[in-house]
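Have a look at the structure below, then the notes.
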There are 2 protein chains.
Amino acid sequence: MIKRKKPRDIEQTLIKRLQDKGYRLTPQRREIIKLLSRDKSHPGAMDILHKVKKIVPGISMSTVYYTLDMMKKEGLIRELEYYDTDNRYEINIKDHINLVCTKCRKITDFTGNVPSFSKAVEKETGFKPASMRFEYYGICRDCEK
Amino acid sequence: MIKRKKPRDIEQTLIKRLQDKGYRLTPQRREIIKLLSRDKSHPGAMDILHKVKKIVPGISMSTVYYTLDMMKKEGLIRELEYYDTDNRYEINIKDHINLVCTKCRKITDFTGNVPSFSKAVEKETGFKPASMRFEYYGICRDCEK
DNA sequence: TGTTAATTAGGAATCATTCCTATTATGATA
DNA sequence: TATCATAATAGGAATGATTCCTAATTAACA
């Protein structure tokens with residue numbers, strides 16, 4: 001039985017955590033959070049700008065980046081960095097494998113169970129893993145058709 | 001018993017594979033290949049430029065990028081892409097985990113055994129993995145001291 | 001040794017992201 | 001509810017690794 005939180009709850013939790021940390025709640029932030037808690041497509045800054053603009057027309061790219069950067073620093077979201085595409089953002093901050101479609105560029109989470117190697121790595125090499133990034137590149141089910 | 005090829009052999013193999021594919025062997029390419037087959041630090045284009053310049057003083061950044069790009073396309077090397085640092089290059093094209101030190105930026109290969117999840121991913125999600133990128137970020141043994 | 005197409009050098013262009021600054025508006029306080 | 005301090009925003013300029021462009025050079029062939 002997998003327990004999956006409702007978007008509305010995720011949204012409220014994020015807002016509360018921001019306010020507890022002393023950040024102000026602006027319409028721009030509210031909408032960015034709302035979007036990220038519902039949109040599982042791992043949107044980029046430009047996607048976010050365009051989608052939020054429908055609700056908050058005046059929002060600027062600066063604000064999108066400023067907000068994402070702040071939430072990233074506070075550990076509320078995770079940034080997936082790419083050099084050949086724009087960076088992507090996700091609220092799933094738990095360790096997991098991302099499946100990157102090289103055709104449509106969509107990114108999905110692999111929710112299956114994945115054992116951790118960090119202990120083995122540290123034991124064998126002395127390197128102490130603090131975070132990870134596991135990605136598979138390939139063709140998603142939709143593009144395969 | 002791990003079989004590890006000598007740098008000299010790796011170098012000769014790469015040169016032969018290039019020539020077999022019809023590419024010309026220039027002093028610039030010879031030195032870039034020589035460097036990559038010996039330098040396991042996962043150097044970036046700028047590193048490669050500076051190091052090769054000691055042997056081939058006139059070499060330009062364009063040539064470094066052109067050569068790396070060509071070798072990448074031919075599957076001779078692997079490019080690790082980062083948006084917050086310059087990209088890195090390695091001759092180890094087999095699937096493996098890279099250990100990225102967030103302090104000194106050095107990257108090392110984890111040579112331990114790692115099971116593949118690609119079959120499980122395809123079975124569970126329909127996504128067909130073609131390649132992967134597994135990285136651990138943390139502090140390397142040298143920086144830990 | 002000459003030929004020719006691949007390769008190179010140098011510099012301009014690209015573009016997502018970061019940086020900068022004046023203006024605006026949130027949230028605390030009275 | 002109005003005032004205020006300052007966090008947040010908008011807009012645009014700056015950044016920098018990489019890509020693109022073109023003329024000059026050179027490796028590899030006969």
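In what follows, every chain begins at residue 1, and chains take the letters A, B, ... in the order their sequences are listed. Every value quoted in this text rests on a predicted model; they were computed, and no experiment measured them.
Rounded to a whole Å, the CD atom of Glu31(B) is 18 Å from the P atom of dT7(C). The distance between atom CZ of Arg29(A) and atom C1' of dA7(D), rounded to the nearest whole Å, is 8 Å. For Leu80(A) and dT17(C), the CG to C1' distance is 16 Å, given to the nearest whole Å. Rounding to whole angstrom units, CZ of residue Arg88(A) and P of dT17(C) are separated by 10 Å. Rounded to whole Å, atom P of dA28(D) lies 11 Å from atom CG of Leu18(B). Atoms CD (Glu81(A)) and P (dG16(D)) sit 17 Å apart, rounded to a whole Å.
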* side chain to side chain contact (heavy atoms under 4.5 Å, CB included) evaluation trace for Gln19(B) with Leu25(B) -> CA-CA 7 Å; Gln19(B) 289 181 315; Leu25(B) 188 58; 3.7 Å; yes
* What's the verdict on salt bridge (charged side-chain N to carboxylate O under 4.0 Å, His left out) for Lys34(A) and Glu11(A), showing C-alpha distance, side-chain angles and the deciding distance? -> CA-CA 6 Å; Lys34(A) 193 171 185 177; Glu11(A) 192 185 335; 5.1 Å; no
* For Glu74(B) and Arg17(B), what are the C-alpha separation, side-chain angles and deciding distance, and is it a salt bridge (charged side-chain N to carboxylate O under 4.0 Å, His left out)? -> CA-CA 9 Å; Glu74(B) 294 297 344; Arg17(B) 288 184 61 190; over 6 Å; no
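Summarising the geometry, atom CD belonging to Glu135(A) is positioned 9.5 Å from atom CG belonging to Leu99(A); distances are rounded to the nearest 0.5 Å. Here CG of Leu36(A) is found 12.0 Å from CG of Asn92(A). Values are rounded to the nearest 0.5 Å.
Taking the ring centre of Tyr82(B) as origin, the terminal cationic atom of Arg133(B) falls inside the region bounded by 6.0 Å and 45° from the ring axis.
Side-chain N/O atoms of Asp39(A) and Ser41(A) include a donor and acceptor closer than 3.5 Å.
Nearest nucleotide to the Gln28(B) side chain, out of dT9(D), dA9(C), dT18(D): dA9(C).
Taking every heavy atom of residues 45-55 of chain A and every atom of DNA chain C, no pair lies under 4.0 Å. In the region residues 56-78 of chain B, proximity to DNA chain D at under 4.0 angstrom, judged on heavy atoms, holds for Tyr65(B).
Between the two ends of the helix from dT1(C)-dA30(D) to dA30(C)-dT1(D), each summarised by a five-pair axis, the helix axis turns through 30° (rounded to 10 degrees).
OP1 or OP2 of dT17(C) has at least one side-chain nitrogen or oxygen of Asn87(A) nearer than 4.0 Å.
Contacts of Asp84(B) with the nucleic acid, taken as non-hydrogen atoms under 4.0 Å apart, are absent.
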For residues 124-131 of chain A, tabulate all N or O donor-acceptor pairs below 3.5 Å that involve a side-chain atom, not counting sequence neighbours.
unit_1: Thr125(A); atom_1: OG1; unit_2: Val121(A); atom_2: O; d: 2.6
unit_1: Thr125(A); atom_1: OG1; unit_2: Phe127(A); atom_2: N; d: 3.1
unit_1: Lys128(A); atom_1: NZ; unit_2: Glu144(B); atom_2: OE2; d: 3.3

* Can you give one letter per nucleotide of nucleotides 22-30 of chain C, 5' to 3': B if a protein heavy atom sits under 4.0 Å from the base, S if only from the sugar-phosphate, - if neither? -> ---BBS---
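The side chain to side chain contact (heavy atoms under 4.5 Å, CB included) check on Thr63(B) picks up Gln28(B), Ile59(B), Ser60(B), Thr67(B), with sequence neighbours excluded.
No more than 12 heavy atoms of other residues, nucleotides or ligands lie within 6.0 Å of CZ in Arg8(B), so this atom counts as exposed by the packing criterion. Heavy atoms from other residues, nucleotides or ligands lying under 6.0 Å from NZ of Lys103(A) number 12 at most.
Across every non-hydrogen atom of Ile139(B) and Cys143(B), the tightest pair is CG2-CB, 3.6 Å.
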